[in-house]
Amino acid sequence: MAGGGAARHAGAGGALRGARRRRGALGPGGRYGRARAGGRRPVRRPALGPQQVHRGQEGSLMKPKLESLSKEERLARMRHSAAHVMAEAVVSMFPDAKLGIGPPIDTGFYYDFDLPRPLSTEDMPVIEEKMRQRIASDVPFVQEEISKDEARKLFAGQAYKLELIEEIPDKEVTLYRHGDFVDLCQGPHVERTGQVAAFRLLNVAGAYWRGHERNPMLQRIYGALFDTAEELEAHLHQLEEAQRRDHRRLGRELDLFSFHEEFGPGLVYWHPKGGRVRTIIEDFWRQEHYRHGYDVVYSPHIGKATLWSTSGHLDFYTESMYSPMDVDGQDYYLKPMNCPFHIQIYKSGLRSYRDLPIRMAELGTVYRYERSGVLHGLLRVRGFTQDDAHIFCRPDQVKEEIASCVRFMTFFLNAFGFKDFHVYLSTRDASAKYAGSLEDWDMATGVLREVIDESGLPYDVDEGGAVFYGPKIDVKLLDTLGREWQCTTVQFDFNMPERFDVKYIGEDGRERQPYMVHRALLGSLERFLGVLIEHYAGAFPLWLAPVQALVIPIADRHNEYARSVAAQLAEAGLRVEVDERSERMQAKVRGAQLQKVPYMLIVGDKEAGAGTASVRLRTGEDLGPMPLANVVSRMREEVAEKR
RNA sequence: GCCGAAGUGGCGCAAUGGUAGCGCAAGCGAUUUGUAAUCGCUAGGUUGGGGGUUCGAAUCCCCCCUUCGGCUCCA
């Protein structure tokens, strides 16, 4: 994020409207919260209208058979039905329970409840058991349609359901009934409870009713559900495996970084090894930016209040800013963004149309207040370094500049081996909170859309997801649990040029306002490194590995030769260490494996005599003894190719 | 910020009202070893912080801090 005002102007929750929104605002499955967490994403599937699900006596005769459906659709139905069965179980335990919604999600389902007491993990087996009984009883799911009036009577006392009923545009609403349990629901479901497959209740979490912070907080129970017990087990196993590649754990084990909560949560301390990786990325970043026509700048970390009032941050972004510090009786603020500074650099001279585009990049460290509950390792911190840039350009240059940002982004993500990322086009909605003219917005949104279309990257439209000052393209990378984290962002800004009166002299000699584009490609180095660590499970490719080779002398008498081997590699620009501990070679190999060092160079009598090293790779592959020159050339080649 | 769970040596864990232990890591010593853990010894904790109950608190109660999983918000 490079622009301002997101906090207040991102719209009501910024939920994914548009592409991911399903029709209607019905109960379970009708409307979803945000598409966000891993396995917590609403399933995407075509809405199945009532016309496709005919009513039958048993609610089954005319429905498509479960087996004939796609796996995706079948799972969605089972998950949705499991949510109903779970709701029934919870209601049987708490007759006064008020029901929220209970949709299927990527890996299972959830249901939200308003209950008289907090649920605990001890409740899970009880609920599960009730569910299994209901599944064993194998009763049919029956769809019904009733008038809204009838529905209001049926759901009297169910405040949340009543709210949903009022929002349904049709005269009739659909219900799904199994056994004595009935829910306001558009469906579709499986035919019988017995068709609900392998599931496990996972956890309870708080969730605001309809995702709004001002609404009551309900208790949400998450469950996982798959076709078979094996697939369920595999999924649960995968969740455990994910812990092994959690960047917070790897950060400690690989000695990359630490946090010191007692001295400030959300503030990263980079250790030498993590610092090494970061430096490599920064060097690469700088080199590529120069190559791509950017200038690299540095700006201060604090600025006077007048800067932030002019920029609008004090009006629109104060909630994310830290309290001012007093400097000679003046208020100074720690910067939450770099843009106002870059604008000053732009404005330090008269700019001609010939000077544009001006591309100003900075690894700019910013500080933002993040609410305590949202901090998350490196992925959400309070101080971070954006790989920020601001592009000032003429109207005729806009499209190419945006296109080159997208190409540059793709180049970086490829360089780091990312295949799995989600692109979003965030547009404005009907509200009137936006800066800039509608024409500007239409133009900018059109350009962004054209550029992504032409890039061939699949994307979703996040209607209303734009910040108040302009539309944007965002790219989100996935962590090990499949949670999305916004990294790349390319944003138009129709606010700041106006506020700071940014100009250039046009061909006609008159002052004109340039277009301003904020962009961060990696996003922030902290977040990017966090995602990257999980992406590689800590086993960085050679060019990024903090220690590229570990020389392992077999006995103390080989230490001297080991040091000379290390010196030769270091001379060739490789990062190498020697394990001189009085340990057995096996222990040293194990240590290197655990540290995920790519190359292990084992040296004993044979190697010292022949001027070689026996090479073991992190993969376990034994390359046998190699002349040092060959080791060096092999490694240098691997580094050059960023493999 | 909200809901729930949790905080015990650097890390992973045990001790559920009665003297805080174990493994790994660390330090020291021995060993000099051929592709994922050599052996021994030593040191290390006012149990996240503060208050309370009790003869006695890691354990029970209250407040705060932090972490984890969600929600909301965002790079």
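Here is how names work: the chains are called A, B, and so on, in the same order as the sequence lines, proteins then strands, and each is numbered from 1. Keep in mind that the numbers below use all heavy atoms, side chains included, and drop hydrogens, waters and symmetry copies.
In this structure, A:Q595 reaches neither bases nor backbone, as no heavy-atom distance under 4.0 Å exists between it and the strands shown. Using a 4.0 Å heavy-atom cutoff across all strands shown, A:D387 reaches no nucleic acid atom at all. Within the 4.0 angstrom heavy-atom criterion, no nucleotide atom of any strand lies near A:T488.
For A:Q219 and B:G70, a side-chain-to-base donor-acceptor distance below 3.5 Å is absent, hydrogens and geometry of angles not being considered. Taking only distance into account, the side chain of A:S120 never meets the base of B:G4 through a donor-acceptor pair shorter than 3.5 Å. For a distance-only test at 3.5 Å, the side chain of A:Y208 fails to qualify as a donor-acceptor partner of the base of B:G70.
Among the candidates A:Q386, A:R286, A:H289, the single residue satisfying the side-chain contact (heavy atoms from CB on, under 4.5 Å) test with A:L363 is A:R286.
Side-chain nitrogen and oxygen atoms of A:R249 include none within less than 4.0 Å of the OP1 or OP2 phosphate oxygen of B:C11. A sub-4.0 Å separation between OP1 or OP2 of B:G69 and a side-chain N or O of A:H376 is present. Under 4.0 angstrom from either OP1 or OP2 of B:U33 there lies at least one side-chain N or O belonging to A:R557. At B:U67, none of the side-chain N or O atoms of A:R252 fall inside 4.0 Å of OP1 or OP2 (strictly under the cut-off). The side chain of A:R584 places no N or O atom within less than 4.0 Å of a non-bridging phosphate oxygen (OP1 or OP2) of B:U35.
Stem analysis of RNA chain B (at least three stacked-register Watson-Crick or G-U pairs, each with both distances under 3.5 Å) gives B:1-7 with B:65-71, B:10-13 with B:21-24, B:26-30 with B:38-42, B:48-52 with B:60-64.
Rounded to the nearest Å, the gap between the C1' atom of B:U66 and that of B:U47 is 16 Å. Distance noted for atom P between B:A58 and B:U53: 16 Å (whole Å). Atom P of B:C63 sits at a distance of 13 Å from the matching atom of B:C2, rounded to the whole Å.
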Checklist entry - Going through the checks in order, is the ring-ring contact (aromatic ring centres under 6.0 Å, His included) test met by A:Y294 and A:F408? => result CA-CA 12 Å; A:Y294 284 77; A:F408 204 4; 5.8 Å; yes
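Taking every side-chain heavy atom of A:M585 into account, B:G34 is the closest of B:U72, B:U66, B:G34.
Take the nearest nucleotide of RNA chain B for A:I602 and for A:S372: the residue whose nucleotide is more 5' is A:S372.
Residues forming a side-chain hydrogen bond (donor to acceptor under 3.5 Å, both in side chains) with A:S299 (at least two apart in sequence, or on another chain): A:K335, A:E362.
Less than 6.0 angstrom separates the ring centroid of A:F528 from the ring centroid of A:F416.
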